[in-house]
Structures are given as structure tokens and as C-alpha cells.
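Notes for the one structure printed next.
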Amino acid sequence: MAAASLRSVNPTLPRTLPSPTRSPPFQSPFLRFAPTSTSFNLKPLVTPPAPSSSPFVTRSAAASPQERKTFHGLCYVVGDNIDTDQIIPAEFLTLVPSNPEEYQKLGSHALVGLPASYKDRFVEPGETKTKYSIIIGGENFGCGSSREHAPVCLGAAGAKAVVAQSYARIFFRNSVATGEIYPLDSEVRVCDECSTGDVATVELREGDSVLINHTTGKEYKLKAIGDAGPVIDAGGIFAYARKAGMIPSAAA
Amino acid sequence: MASSVISSSPFLCKSAQQKDLGFPKPSQISVHRCQKRAISRKIVSVMAPQRSSSATGSVKTGMTMTEKILAKAAEKSQVVPGDNIWVNVDVLMTHDVCGPGAFGIFKREFGEKAKVWDPEKIVVIPDHYIFTADKRANRNVDIMREHCREQNIKYFYDITDLGDFRANPDYKGVCHVALAQEGHCRPGEVLLGTDSHTCTAGAFGQFATGIGNTDAGFVLGTGKILLKVVPPTMRFILDGEMPSYLQAKDLILQIIGEISVAGATYKTMEFSGTTIESLTMEERMTLCNMVVEAGGKNGVIPPDATTFNYVENRTSVPFEPVYSDGNASFIADYRFDVSKLEPVVAKPHSPDNRALARECKDVKIDRVYIGSCTGGKTEDFMAAAKLFHAAGKQVKVPTFLVPATQKVWMDVYALPVPGAGGKTCAQIFKEAGCDTPTSPSCGACLGGPADTYARLNEPQVCVSTTNRNFPGRMGHKEGQIYLASPYTAAASALTGHVTDPREFLQ
């Protein structure tokens, strides 16, 4: 998964992460939790990749940015203006994200601030990881505080990407800087057409990235990542700065 | 691109032709008087769109205040919205919640033995979770103490005795208020902080915005930040005499209600006009404080005599104010006749859910909270006290008072309230039946650990002078928060319902 490969170049994240490698034939661990298994025989609506590489194998750190990045799994759908207090309530901000143990704890509290109207919890009580890989949002996702704990807890919980109509800028910037979660822009209100539990794939390519909802059979174009592209591709702000010669290579 | 919002508000005159406004070019050091634009209106040539700064050659194009500040900080003669630039940072602020993470990243990236870029340009202000028994919260202050000691950080407003804040001579309280009070805010500079309300400092005519831990870790090591996009500027011109019952909080709630919580995303909000010029520094801080609630990258107010007076009383560091050029390009123009505005609130659960205070008079409330960087400064308490004194009544609901800093707390107890026969805020609050002003910190504005004073632990209705009212903001997910000015908060406390302050001030 691309986000996981970002981690291998982004030293801001703890080293003790579960192995991101998947070996073909593809069997998503997330599908085990699906209540109905109508989607085990995945038929992607886009051209299958070259036979030499499975689209679900982790992209290595050395891979060029032109290669495909793919995220696959269950969707978790939220509405507009999901602010950082709903993503990670302030009482959990005593957890320091650069501390590996507390990083994991942050993940267990991801999106716990959502109102009771959200019947499905993002992380089940007592668990530390989520079964949802892709968060589908509306307008102004991540508004409110500058707390980096917000994208961090989503990444720590195991989410890989957010597909939203629009983002608040500090959240977007923090997502890019940390490499914790891939923030993507949809062109339409995807949150109105997807439901929590839908199986989806996000494929990032040069020029025409897509979100494929396998449960509904619909496909959505995603906007280009824009200015954040070079920073994400480099692996976060530190890697980008090193490549640009702004700072020396990391000290031992 | 000009904004296409057409507002039906009678107080709002929306102009999309801002490029031809032709402001006279103000001198760099003289006070900028907005009245001058009525006298001389030059039509200047419209700037060519979509050009990079390198293409301008020797022709200098007009820049906004923010563009000028960033150009100078990037050591360039010119920047335009959309540019990606590396910017030198004048001050980096962090606190107890984000400081440990920022320093953790700094050490991991630059090495365990790395030194910060400049120990005199970092200001560490514990303020978020201070007066609590939460062990991790207390530990985070200890972590910051260790880092500051190791790095020889000059400005660390430490607290060790949690039982009595007054026993800590260095402790200040809420970071954004402390930054201003301690002279760290100066016109023309770049101030970054690991807190979204860092935009408060834009009141001083500087570029001030919030960043995350990773960016802060980067700044700690290099003193620079990559600004991916120079923001275009939305201009808000507020003219007219400020009514006696209106405060800066009403102005910013009015504006956010107008443009929505994403109305200024990635943009600068520049405030000017005769009303702005009449505001005190603390009122200007309240205005800029909530720029982030509209999604804004930063807010700015042109510095003037009021600014220089405040700053020069608190720091001897030289500064260079800048002003928007007459031929600068603005992405949107909003004009308000402030004399016609009325007190407003932001109803649950969004800062842009604006309503007139008087139209909410049937909303029964359970408590009132006066505090935070938005509404916990000395003048905020003075205003509340003034209303309580004018009313001569007792509050009907628990009224919590959380001074932002030690200095504010002292002012509340020492300064006489004008027109109250020598009484201090504290005396008036006591007579009105408010809770005793508590230890200064961010308090319950953002909920915090379970034992935080005035935290919303039940699904109650609270009128608050704070800045956000999303679900769960002050604690309980079903809590209902009405954002309001100190006047409105005080008036509401007296009636037990959301109340327009004119009930007691006229």
C-alpha cells in the first residue's frame, strides 16, 4: 500500500508497524469482516495492471512516483465539516504521537468523537485498529484544530486514504507532512453515494485517479493531488527537504 | 478569481471589482488611514493573472500585506498567490499538547544531539491541560521542561506548583494571549504556532498561522517552513461607529456566518476600515482569533498607532510594518456598515450557524463560560463586569470565569471597572453570583481531561465566549454550545436564556 511505503521513507512514524506486504492471490483481510460476501470475486472496473505486478503489493520506497498506488478495503462514510474534535477528542491529546506506544493508543480513539447518530463505530470498543481502509467524507473534512493527532490517529488505526469533497487546510497539510493518510479530492458528493461497509478501491495514476465502489459498481474520478504531490511522493516534508537540499541527510 | 458570493444582507456591500479600487500607496512607516481612499481614487492597470514572480522582471506589481510579509521572509522581492516558497520564521510557539510531539520529531529527524535553530526564537507556553490530575498531561509539561533545559530555550513559561498558579512566577497561561502580552508579536514578522488559533497574532500586522507537529519539528531544526501556496487575500472593510453593545466577537461571528466555515480556506482575511481602526488590540485579537473558524490561513490588520503603542510597551526588538499596496490584487471584497449590526451568536453545532441573539431569547441555558484566547482577556472580563454592574442583578445559571493569563487574572482583581465606582471585575462578579475566577489556562474551551474545571460533562446548554462549538467540543457530545460575545454571555447568565445584551446595556 502506498501509504505504508511512505512510512518507510518517513521516519516520523514508529518502526514497529505490521508488515504491509501482501502476496497474491489477493485476499483482503478486511473482507473477513464483511457482513455479506457478495464481493469476494472482485471485478475491477478499470484495466487490470500489468501481469508482472499485483496492484495490491506494496509499492517500495524506491519505486518511481509514476507507478500505481492502490488502496483497497471497506469504506467508512461521514458527512460534512467533520472537525478535529470529532476525529480525536481533546481529552486524548495528552498522548504524544511520536511515542510508539501512545501512537497505537491514538489509533484506538480515532473518530470516537462522532455523534451517536453514527451507528457503526470506526474502531470497535476495545480494539486498536479499524476494519475500514478508506474514509469517505463531504466538505471541509478535518476542520477545526491544527492538532496533528487527527491525521495521525486515522493512520494509526489503519486507515489508508480519505476521499472527500474538500479539506480544511491544516488537516490536509498535516496529512501530507506526516504521510499518515492519503488525502484525496473527489469531484462529486461521493459521501452521498457510498455507505459504510462498501468495498472500494482507490487507484492513483498519472492524471486519472479513481475511486471504485465494488459494492455499488460505481466509479468516481479523483482530482489530481496538486501541489502536495511532490511532498507526498518524496515521503513527507523532511524527505522532500532533503531531496531539495534544504536540510542534510538525517543524522544517525 | 473573484468570489461569486452575492449576499442579501442589507449591511453587506459585495464588490467583485476590487482590482480597480485604486488605493493610494501608503508610506511604509506612517499610519495607514483608510479615509484617504475617499479622497484620491486612481484607477490603476489591472494586474495580469497567472504570472510567476520570476516573470515580473523589473516591473514591480502591487502586493497585499500578507504577500509582502512572506516575500520578505522568503528573501524575494515579489511573491504572488500560488507560489511555493521557503519562508524564514521569526517566532515558533508551542505548548504542552503539541510540544512533546514536535520535539520528538525534531530529535528523530535531526538527531538526539541536535540543537534548535535559535533558542531565542522559540516560545514554549504550557497552557492547555495544566490544572489537572491527569498524569500524562502533567508529564507533558515535564517533557517540555526537559527539552527547554537541554536546548537552552530562553522563553519557557513554566509551571511546577499546580496547586497555586500564583506561586509560579514564569507561568503565563493561554499561549496566544501570552505571546501578545510578553511582546512576541510584532508587525511584519512570521509567527508560527502548533495551535490553530495562532492566527490571533495577525492582529499585529504579521503573518501568523497554525501548524502541526511535523512542520514544527522541521522549523525547530531549520528556522524555515515550506509554504506550499502563498494565499490570496480576501478583504473585509468594516466602517461605521461600533455600537456600544457590540464587540469584536459579534463582528467575526457575523463574517463567518456570511462566508461559512470554509469560506476563507487557503486564503488570507485582511480586516480594515474605520471600525477596525477604532478597535483596541485585544478586540483586534478576538477578530483575528477566529479566522481559522472560516478556514482562513491567516488574518491581518494593518498596524497603526494603536499597534505600535502596544508593541513598543512590551518589546524593544525592532520591527518593520508593511501595508497592502494601492494596486494590490484581492480575491474578494466585503464591506460592512458596522453601525447597523446587532449582537449575534453561533448556534450549535457550527461557528457559522449564525443567529441574532435576540431571536434566540427562548433558548433556555444551563451555564455560561467566559474565558479562552477568544473571550478571556482583560477587556472581555471588563465588558462582562460592566454589564453585570449595569444590570445590578444576580446570575441565574452557573457562570464560570477563566482568565486567559496570570496578568488577566490580576487585572480582574486589581483594575477598577470604568463607571462602577471603583469596583473591580472580581468584586462585581462576586456580587452577581458568578463562580470565583479560576486558575488561568485554556480550561474547558476544548473539554480536556475529565477533571477540567467547567468541563461540559452532561448534555447541557452553554453560552460561551470561546471559538468552536462542534459536537463534543467542551466535553459532552450532546452538549449544546452557543458562541457569543462577553456582553451576550453576561446578559444570558442574568436571564438563564440566550439574551441580547441591549436588555441591560441601553
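Chain letters run A, B, ... following the sequence lines, proteins first and then strands; every chain starts at 1.
Residue A/E102 touches chain B through its side chain alone, counting heavy-atom pairs closer than 4.5 Å. Within the 4.5 angstrom heavy-atom criterion, atoms from both the backbone and the side chain of A/L95 approach chain B. For a residue to count as touching a neighbouring chain, one of its non-hydrogen atoms must lie under 4.5 Å from one of that chain's; by this rule A/L93 touches chain B with backbone and side chain alike. There is no contact between B/K107 and chain A, counting heavy-atom distances below 4.5 Å. Within the 4.5 angstrom heavy-atom criterion, no atom of B/D96 approaches chain A.
Considering only heavy-atom pairs separated by less than 4.5 Å from chain A, the leading option among B/T452, B/D195, B/I143, B/T132 is B/D195. Chosen from A/P151, A/G144, A/C143, A/P115, the residue pairing most often with chain B at heavy-atom distances under 4.5 Å is A/G144. Interface summary for chain A: among B/T209, B/V261, B/T198, the most heavy-atom pairs under 4.5 angstrom belong to B/V261. Note on B/H349, B/R473, B/E478: by heavy-atom pairs under 4.5 Å with chain A, the leading option is B/R473. Residue with the most contacts toward chain A among B/A262, B/A114, B/G193: B/A262 (heavy-atom pairs, distance under 4.5 Å). Annotation: maximal heavy-atom pairing with chain A below 4.5 Å, among B/R139, B/K224, B/H197, B/H128, occurs at B/R139.
By the 4.5 Å heavy-atom criterion applied to side chains, A/E148 and B/C98 are not counted as neighbours. In this structure, A/R147 and B/L446 have side chains that are in contact, with non-hydrogen atoms separated by less than 4.5 Å. Side chains of A/S166 and B/T265 form no contact here, defined as non-hydrogen atoms less than 4.5 Å apart. Using a 4.5 Å heavy-atom cutoff, the side chains of B/N213 and A/P97 are in contact. Contact annotation: the side chain of B/T214 approaches that of A/F238 to within less than 4.5 Å [non-hydrogen atoms, C-beta and beyond]. By the 4.5 Å heavy-atom criterion applied to side chains, A/S145 and B/R468 are counted as neighbours. Contact of the A/M246 side chain with the B/L226 side chain is not registered, since no non-hydrogen atoms from C-beta on lie closer than 4.5 Å.
Note: A/Y240 and B/W86 have parallel aromatic rings, judged against thresholds of 30 and 60 degrees for the angle between ring planes.
Considering all non-hydrogen atoms of both residues, B/G104 and A/S98 come closest at CA-OG, 3.7 Å. B/G296 approaches A/R169 most closely through the heavy-atom pair O-NH1, 3.8 Å. Nearest approach of B/R455 to A/E91, heavy atoms of both residues: NH2-OE2, 3.3 Å.
In this structure, the side chain of A/D85 does not engage the main chain of B/G472 through any donor-acceptor pair within 3.5 Å.
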Check against side-chain contact (heavy atoms from CB on, under 4.5 Å), B/V97 and A/H149: CA-CA 10 Å; B/V97 164; A/H149 307 67; 4.0 Å; yes
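Rounding to the nearest 0.5 Å gives a distance of 7.5 Å between SG of B/C199 and CD1 of A/I170.
Proximity of the aromatic rings of B/Y266 and A/Y167 is defined here by a centroid distance below 6.0 angstrom, and this criterion is not met.
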